[in-house]
Structures are given as C-alpha cells and as structure tokens.
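Sharing a structure below in structure tokens format, with a few things to ask.
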Amino acid sequence: MIRMPIRERHNWRQLAEEYGFSFHTMYGDKYWDESAYYQFSLRQIEEDLEKPSEEIHQMCLHLVDKIVADEELLNRCQIPEQHWHFVRDAWLRGEPSLYSRLDLSYNGTGPAKLLENNADTPTSLFETGFWQWLWLENQVDERRLDTRADQFNSLQEKLIARFAQLHEKGTLYFSCVRDTDEDRGTVEYLIDCAKEAGWQTDFLYIDELGINGEQQLVDLHEQPIEYLFKLYPWEHMLREPFAEHLYNSKTHWLEPAWKSVLSNKALLPLLWQFFPGHPNLLPAYFADDPQFNGNGKWVKKPLFSREGANISILENGKTLSASPGPYGAEGYIMQAYHPLPVFGDNHTLIGSWLVDGQSAGICVREDKTPVTQDMSRFLPHIILG
Amino acid sequence: MKRSRFINLDAMRKATMASTLALGACSQPQEKYIVVQDVEDCLIHTCLNEQQCETAYKTAKEEAQRTANKYYLRSDCEAEFGNNNCEDTPNADGFYTPKFAGFPVTQTRTDANGNRVCSARPHFPMFAYSGFGNGFMGNRGFASSTGQAMTADGKNTFSAEPDKIARGAAPQPRPTQRAGFGSTVVRGSNYSFGG
C-alpha cells in the first residue's frame with residue numbers, strides 16, 4: 001500500500017459536470033482529490049480487505065439475530081421500545097438489504113481493524129462505484145497508469161445486480177432530506193442503478209411522505225408507496241412522530257429497519273464481547289461498563305454519530321482532543337485507540353463496501369486530522385502487483 | 001478483474017443534474033405580515049373576528065409543535081434561534097425546540113368596496129429568533145420552523161415572499177396526513193445524513 005502522486009486529468013471538472021458530480025468541491029475545499037492515488041497489491045486486497053470485510057459482516061449479522069430477540073440488548077442499542085416489534089419483524093421476515101460500508105484502519109500490513117459499520121446510510125457511493133472507476137479508465141487510456149492496473153471496485157455492477165434481484169413490478173421510490181447536494185447526488189446515483197436494473201423509480205423528499213386512511217404510506221399524488229429507499233437514518237426515524245405509522249404500513253424499506261441495529265455503535269462493544277480477540281476487532285466497551293477501567297488510550301464515540309462528530313480521544317481518563325457536534329444524548333462507547341496510518345501528513349481511512357454481504361470494493365479517504373470527518377478528501381486507488 | 005467490467009457511460013451522463021439540484025426560488029413579490037402571539041393580540045391587530053382568531057391560534061400551536069426543529073442540545077437550538085429562545089419540547093422527549101412566537105397575518109388592507117381584508121397563515125407558525133439583524137430596536141425577531149429568519153421591518157411585522165414563510169413547514173392540510181420524516185433536523189440544514 002503506497003501513495004503515489006499523479007497528474008490530474010486536464011478535463012476532470014468538465015467530466016464531473018457531464019456526469020452530475022456536483023459536490024467534488026464542498027464549502028470551497030477539495031473533496032475529490034486526484035493529485036495522488038493509493039496502490040495496493042492483489043494480496044493486500046484479497047487477504048486483508050475483501051475476506052475480512054465479509055467475515056466482519058457475518059459476525060455483525062450474527063449479533064443482530066441475538067439483539068432483536070433480547071430486550072436488554074435492544075435497550076443497549078437505544079432502540080425505542082415501541083418499535084421493537086417493527087425492527088424484530090423486519091429481521092425475522094428477512095427484509096432484504098442493499099449495501100453497507102465498513103470503516104477500516106489498515107496500513108498495508110497486519111489485520112485491518114474495524115472502526116465502525118456504516119450499515120444504514122453510507123455515502124461516497126457515486127465517488128466509489130463510478131467516479132474513481134472512470135478515473136482509472138481515463139488514466140490508463142492516457143498511459144499514465146499501467147494497462148494492467150486494476151481497482152477493487154465492482155460496486156456499481158453489484159448494486160445493479162442486487163437491484164435486479166430485488167426487482168418487482170411496482171415503483172421503487174427514493175428519498176432523502178432537502179438541501180444537501182451530497183445526499184441528493186447519492187440518491188440520484190442509486191436511482192440510475194435501479195433503472196439500469198429495470199425498476200420504475202420516483203423521488204420524493206422524506207418530509208413529503210404521507211399516510212392515507214388505509215395506513216399506507218403515499219406519495220404527493222396519493223399513490224401508495226410499496227418500495228422505498230431512504231437515505232435518512234433509522235435512529236432518527238424511530239424517534240420522530242411519523243414513526244407511529246411504520247408498523248401498520250406495508251412499505252418495504254431499503255435499508256430495512258433491522259439496520260437500526262446493524263449501524264448502531266453499540267455493536268462495537270457487543271462484537272468484542274461475542275468475538276473477543278478477533279484480529280479485525282478493536283477492544284470496545286460501553287462507557288458505563290464496570291469492566292472498563294479507562295487505562296490506556298481510548299476513543300469515545302456517541303452511540304449515534306455520523307461524519308466524525310462528537311468523537312474524543314482519552315488517555316487514562318483525560319481528554320486529549322474532541323470534535324464538536326450534536327450527538328451523545330443516547331450514551332457512549334469506548335474503543336481502543338488505533339491511529340489511522342499516516343501517509344505524508346495524511347491520515348488515511350479505508351471504506352470497505354458490501355452489497356448483500358459480498359465485498360464490492362473500497363474507497364480511500366484522507367484527512368489532515370486523526371478523526372475522519374465530512375470534509376475528508378476522497379482519493380482513487382489501483383491494484384497493481 | 002476486481003472492478004466492474006462494464007459501465008454504461010451514456011446512461012450515467014446527466015449534464016442537467018446540477019441545474020435541477022440548484023432549482024432555486026424565483027423571486028416573488030413580498031407580502032407584509034404582522035405576527036400575533038395570541039387570540040387577544042390577533043383581535044387587536046388584525047381584521048379577523050374572535051372565532052377566526054381562535055381557530056388560527058389553535059392551528060398555529062399544533063403546527064408549531066409538529067414542525068419545529070428539534071435539537072439534542074439546548075445550545076444547538078440557541079445557536080440557531082438565539083439566547084433564551086428555546087425550551088423543552090411539549091412532550092418532554094428530551095429534545096429542545098424554539099419558543100412559539102405566534103402566527104403571521106397579512107397586514108389589514110381595504111379592498112375595492114371599502115371592506116377591511118386580511119388573512120391568517122396559521123400553518124406557518126413563527127418562532128422567537130434573535131439572530132443577526134433581528135430582534136433589536138424593539139423589533140421582535142421571528143423565524144420559521146426551520147430557522148429561516150424573517151426580516152423585521154417594524155414592531156412585530158416583517159415582509160417576506162409568501163413562499164419563504166412556508167419553507168420547511170407542512171403543506172396545507174388535505175385528507176392525507178403528510179408529515180413524513182425529517183423532523184430531527186440537527187443544526188445546519190445542509191448537514192448530510194449519510195455517513
């Protein structure tokens with residue numbers, strides 16, 4: 001695993017416009033960065049990332065099965081009690097899922113360590129599945145990269161295949177909140193994939209959902225919604241007033257409601273409890289666990305948090321650094337500090353994608369600080385050797 | 001090969017996406033509103049009768065509860081709406097929400113026949129707000145449920161495009177209950193909910 005500088009494609013901004021990649025620069029800062037790329041060997045990809053990702057995913061599913069049947073664990077995950085049935089039924093019925101992204105710390109040697117599981121609303125999907133794929137094609141065409149260069153990225157192919165597998169006659173609706181180019185862009189990309197797989201699709205904002213007299217979710221034209229993809233976290237949905245309609249409505253959700261358990265950071269201490277010492281896991285505890293003594297260096301994370309908000313690093317109980325944010329009301333977990341590898345002055349994080357439990361590729365994010373945040377840069381990668 | 005073998009580039013091209021995303025508000029003429037905080041205030045300052053004021057007030061209170069932004073932290077709420085402008089949610093679910101400040105009524109005018117006309121907008125409740133450029137010189141500041149500030153132009157009055165006060169609030173009632181999700185808007189409306 002090495003970081004290599006490379007000349008940017010002279011026309012990439014124009015291509016970005018052509019393909020609707022509107023958020024390559026956010027708040028004036030570079031988000032897509034093709035001034036360098038990461039190179040992995042095939043062995044690193046297959047042995048250290050592909051296989052372990054699938055294994056971690058299976059361990060997580062094993063836990064979901066335990067958690068939905070155990071009130072104490074459901075409480076630990078802060079699933080609101082009035083929705084236990086809804087979450088449990090979604091799991092027992094085998095409601096299908098689409099995708100997830102594991103965030104891993106990996107430096108090219110030794111086992112990759114799971115930092116967290118973004119199983120409910122992972123983004124940077126377009127950039128991974130399409131945009132870095134296009135970058136590789138272009139750079140190989142320009143002969144700036146070896147023609148044997150490959151990429152660990154069958155994400156788009158697998159997403160389309162998964163949508164095809166789930167294909168039904170009705171309309172598959174897609175939804176997200178207003179006012180974010182990034183979320184809207186991600187949803188647009190998934191709409192493209194679903195269409196390619198033969199689905200009829202439609203879009204509405206998450207606050208436009210209605211409920212009719214028959215307890216069906218409906219769109220703005222009062223049409224019942226049978227299939228709905230939402231890029232909005234279950235942890236929020238289950239706490240909002242509109243959630244009272246969930247149990248009686250017949251809508252099939254992507255991601256399914258059991259993802260509220262899978263994407264929960266309570267999963268990290270539970271994984272360590274069920275699979276102690278697993279090479280891809282870091283020691284983790286609930287912050288209020290009497291077994292946790294605070295000795296050494298730990299990362300404190302809220303049960304619900306995204307984009308690196310409200311994360312602090314502690315040493316022997318003393319706070320060394322903390323990122324701001326609105327999360328934390330539901331409690332915290334402690335995870336053993338495992339610094340991201342540093343390349344130059346960049347802290348590098350691997351996002352490992354799964355589609356229906358199968359490894360589907362990686363994305364590489366870089367940050368100037370040890371905690372990867374919303375504004376981390378996205379860099380392409382290749383496999384060579 | 002570890003990457004997608006084929007991607008349909010033609011299907012991926014959408015030079016128009018950026019422009020559909022940027023679909024902005026076309027400017028509309030502004031309307032002048034007065035914000036009334038209760039039934040009495042409504043009777044004194046508008047042309048509505050007692051029953052109209054009562055109905056509007058009740059609706060506005062309900063809408064305020066339903067559509068107001070919720071925050072995990074009081075400080076996040078106050079960062080948006082200003083100091084002392086936030087309180088516990090009425091159902092005490094642990095969130096904080098801005099204080100209800102009343103509902104807008106179009107300023108009373110006289111129509112061609114000499115009758116006084118005005119109309120209430122109880123579906124777009126207003127919340128206490130003291131951000132930049134508002135809530136000083138005796139003018140109370142107001143914001144919509146999503147924290148969209150209204151520019152005060154007098155005591156308890158503001159002017160805005162009719163669309164602007166509706167931003168983020170629920171559409172007019174219809175047989176279908178339409179609230180959807182999204183009420184847990186965590187400070188900053190352009191926060192991504194992906195991760």
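What you see below is based on every heavy atom in this structure, not just the backbone, and it leaves out hydrogens, waters and symmetry mates. Reminder, nothing fancy here: chain letters follow the sequence lines and each chain counts from 1.
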For the pair A/Asp192 (side chain) and B/Met12 (backbone), establish whether a donor and an acceptor sit closer than 3.5 Å, ignoring hydrogens and angles.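 Judged by distance alone, no pair lies under 3.5 Å.
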Check whether A/Ala243 gets within reach of chain B through its side chain, its backbone, both or neither, counting any heavy atom under 4.5 Å.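 For A/Ala243, backbone and side chain are both near chain B.
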Residue part contacting chain B, namely of A/Ile160, when any heavy atom lies under 4.5 Å: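 Contact with chain B is absent: no heavy atom of A/Ile160 under 4.5 Å.
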A/Gln215 atom CD, neighbour heavy-atom count above 12 within 6.0 Å: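 Buried by this count: over 12 neighbours within 6.0 Å.
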Please state whether the rings of B/Phe181 and A/Phe242 are parallel, tilted or perpendicular, taking 30° and 60° as the class boundaries.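 Rings of B/Phe181 and A/Phe242: perpendicular, as their planes differ by over 60°.
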What residues of residues 3-10 of chain B sit under 4.5 Å from chain A when only non-hydrogen atoms are counted?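 Residues of residues 3-10 of chain B touching chain A at under 4.5 Å: B/Arg3, B/Ser4, B/Arg5, B/Phe6, B/Ile7, B/Asn8, B/Leu9.
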Between A/His236 and B/Tyr72, how do the two ring planes meet: parallel, tilted or perpendicular, split at 30° and 60°?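 Aromatic pair A/His236/B/Tyr72 classed tilted.
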Go through the atoms of A/Leu246 and report whether side chain, backbone, both or neither lie under 4.5 Å from a heavy atom of chain B.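 The side chain, not the backbone.
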Using a 6.0 Å cut-off, check whether atom NZ of B/Lys58 has over 12 heavy atoms from anything other than its own residue.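 No, NZ of B/Lys58 has 12 or fewer neighbouring heavy atoms, counting only those of other groups under 6.0 Å.
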Residue part contacting chain B, namely of A/Ala119, when any heavy atom lies under 4.5 Å: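 Answer is neither: A/Ala119 stays 4.5 Å or more from chain B.
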Segment of A/Leu155 engaging chain B (4.5 angstrom heavy-atom cut-off):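 The answer is the backbone of A/Leu155.
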A/Ile45 versus chain B, heavy atoms under 4.5 Å apart: side chain, backbone, both or neither?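 Looking at A/Ile45, just its side chain touches chain B.
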List the residues meeting salt bridge (charged side-chain N to carboxylate O under 4.0 Å, His left out) with A/Lys158, not counting sequence neighbours, and say none if there are none.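 Salt bridge (charged side-chain N to carboxylate O under 4.0 Å, His left out) check on A/Lys158 returns nothing, list empty.
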Atom pair CG/CZ of A/Leu15 and B/Arg13 - distance to nearest 0.5 Å: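 Reported to 0.5 Å precision, the distance equals 8.5 Å.
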I'd like to know if A/Glu240 and B/Lys70 make a salt bridge, using a cut-off of under 4.0 Å between side-chain N and carboxylate O.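 No, this pair does not count.
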Please identify each residue that fulfils disulfide bond (SG atoms under 2.5 Å apart) with B/Cys86, with sequence neighbours left out.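 Disulfide bond (SG atoms under 2.5 Å apart) list for B/Cys86, sorted by chain: B/Cys77.
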Taking A/Lys195, A/Arg239, A/Glu330 one by one, which has the highest count of heavy-atom pairs under 4.5 Å against chain B?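 Of the candidates given, the most pairs with chain B belong to A/Glu330.
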Table please: side-chain donor-acceptor pairs of residues 94-105 of chain B below 3.5 Å, with sequence neighbours left out.
{"from": "B/Thr97", "atom 1": "OG1", "to": "B/Asn69", "atom 2": "O", "distance (Å)": "3.2"}
{"from": "B/Lys99", "atom 1": "NZ", "to": "B/Asn84", "atom 2": "O", "distance (Å)": "2.9"}

